[in-house]
Amino acid sequence: MMKGRLLLAIGIGVGYVLGSRAGRQSYESLTRCVQDLWGDPRVRARVSKVEDSVKEKAPAAQDKAEQVLKAVGEKSKKVGDEVKAKITGDSAEDPMEDSHG
């Protein structure tokens with residue numbers, strides 16, 4: 001068990017040292033790439049179209065989400081009431097009805 005922990009610690013240390021040497025240069029290269037891509041007029045135009053589409057469709061999505069949440073809430077309350085009735089021994093069934101057939 002101790003050998004495994006020692007190997008893990010050594011691995012983390014070696015990974016850290018190697019990663020920190022190459023990491024900064026890779027990070028800066030990646031950052032430049034992302035900035036160039038984000039600055040591309042084609043990308044900006046596409047992002048703008050997506051933003052407009054989201055703004056247009058958001059109210060309908062919000063209405064649908066509210067309907068779903070309301071339905072889930074109603075169903076949860078019904079199930080909760082049924083569980084409570086079973087636990088407390090109260091029954092929503094007709095007490096005159098014989099369930100044993």
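If you read the sequence from its start, that first residue is 1, and numbering goes on from there.
Other residues sharing the hydrophobic cluster of Val47, ordered by chain and number and joined by side-chain separations under 4.5 Å: Leu37, Trp38, Val43.
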Name every donor-acceptor pair, under 3.5 Å, that has one atom in a side chain of residues 52-66 and the other anywhere in the protein, sequence neighbours excluded.
| from | atom 1 | to | atom 2 | distance (Å) |
| --- | --- | --- | --- | --- |
| Gln62 | NE2 | Glu66 | OE2 | 3.3 |

- Task: Dump the intermediate steps for side-chain contact (heavy atoms from CB on, under 4.5 Å) on Val79 and Val83, then the final yes or no.
- Result: CA-CA 6 Å; Val79 169; Val83 169; 4.3 Å; yes

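Under 4.0 Å is where a charged nitrogen must lie from a carboxylate oxygen, and between Asp81 and Lys77 at least one such pair does.
The line from CG of Asp36 to CG of Asp40 is 9.0 Å long, rounded to the nearest 0.5 Å. A distance of 5.0 Å separates NZ of Lys75 from NZ of Lys78, quoted to the nearest 0.5 Å.
By the side-chain contact (heavy atoms from CB on, under 4.5 Å) test, Val72 pairs with Val68, Ser76, sequence neighbours left out.
More than 12 heavy atoms of other shown residues, nucleotides or ligands fall within 6.0 angstrom of atom CZ in Arg44.
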